[in-house]
Amino acid sequence: MRIDLHTHSTASDGTDTPEQVVAVAARAGVDVLALTDHDTTQGWAPALAALPDHMTLVRGTEFSTKWFREDDSRISVHLLGYLFDPEDAALGSERDRVRDSRINRGREIVGRMVEGGLPITWERVETLAAGGSIGRPHIARALVEAGVVPDVSSAFTDLLSTESPYYVQEADMDVVEAVRLVRGAGGLPVLAHGQARRRGDIIGDDAIRTLAAAGLVGLEIDHPDHTEEDRAHLRELAAELDLVGLGSSDYHGTNKPTPIAACTTSDDAYQRLVDRPTAIRPVRGDEV
Ligand code: AMP
Ligand code: ZN
Ligand code: FE
Ligand code: FE
């Protein structure tokens, strides 16, 4: 089976609608697809409605969280949550707080850029986001349109990097708390791209051990941003902590060069994951 458990649509910062993500996955021969937009479940219903008979949809979200260091400085951590109850009040209120904070944070980044003389507007960024969770890729596209940078990736090397004077952090949801909340909502928390250094500081092995103790069930191992050494290291950690090892593309449409199913999850790992009880279940198109 071809299994891709991490993709984005226009419900957050991907460029394909949820229906288009499903269609692109079908064309690539994907059997099991997870839609995991940032801090929202908005794309679930349209993806489900577009599901072909033979394809299974795993409904998920990629939560924006933080690991807090002893000195109160923080490291951004992306936590995938699969098959949780979307109506869970505790998880829902934290998620909405973080998603709504993305609006003010995006506005603040754009405000700093306008002040710095860059020819973009908040209105244009909001239009590009089209009602989805606002992220830096939407600002990147406004910068491309305005001719400031040639493409989205170039916007991230400098202007939108975490070191940039324009950079503003999004709201904080403690990752340890997030793991507990996803479990509490009957879902499966998995650490996304845990070794992707090009995105900024990464959490150490001890932090991952703490997350495992809090209820983490898996680690994303095969990911386009991970080197061979990163993957080998994560494989060892997964074995030590009895965590499921996943592989995924983190597809974003044309906002990133990675094609869908560029990395995949083994049948075995997928079975281990979904053998656990969850609030909602993977759904096949012919069951919708
Ligand atoms: P944000 O959630 O607003 O902080 O933006 C983070 C998102 O930007 C990630 O989920 C990726 O989709 C995207 N991103 C991060 N780094 C890069 C990069 N170097 N090139 C293109 N997209 C990136
Ligand atoms: Zn993204
Ligand atoms: Fe991510
Ligand atoms: Fe992602």
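FYI, the numbering just counts along the sequence from 1. Note that the structure is a prediction, hence the values are computed from the model and not measured. Counting starts at 1 for both ligands and their atoms, in listed order.
- With a cut-off of 2.8 Å, the Zn ion (ligand 2) has no N, O or S atom of Glu62 in range.
- The closest non-hydrogen atom to atom 3 (O) of ligand 1, taken over Glu170, His38, Arg105, comes from Arg105.
- Closest to atom 7 (C) of ligand 1 among all protein heavy atoms lies Asp13 OD2, 3.7 Å.
- For Glu62, no heavy-atom contact with ligand 1 is shorter than 4.0 Å.
- Of all the atoms in ligand 1, the ones that sit under 4.0 Å from a non-hydrogen atom of Gly135 are 3 (O).
- For the side-chain hydrogen bond (donor to acceptor under 3.5 Å, both in side chains) criterion with Ser64, the lone passing option out of Gln169, Arg102, Arg99, His78 is Arg102.
- Listing protein N, O or S atoms at distances below 2.8 Å from the Fe ion (ligand 4), with waters left out, gives His6 NE2, His8 NE2, Glu62 OE1, Asp250 OD1.
- Residues Glu62 and His8 bring a donor and an acceptor atom of their side chains to less than 3.5 Å of each other.
- In this structure, atom 15 (C) of ligand 1 lies nearest to the protein heavy atom Phe156 CE2, 3.4 Å.
- The nearest heavy-atom contact from the protein to atom 9 (C) of ligand 1 is Arg199 NH1, 3.9 Å.
- Atoms of ligand 1 lying under 4.0 Å from any heavy atom of Arg198, numbered from 1 in the order shown and given with element: 18 (C), 19 (N).
- Residue nearest to atom 2 (O) of ligand 1, selected from Arg102, Arg136, His252: Arg102 (by heavy-atom distance).
- In summary, His8 places no N/O/S atom under 2.8 Å from the Zn ion (ligand 2), failing the contact criterion.
- With Tyr251 as the partner, the side-chain hydrogen bond (donor to acceptor under 3.5 Å, both in side chains) test is satisfied by one option alone out of Asp16, Thr7, Asp4: Asp16.
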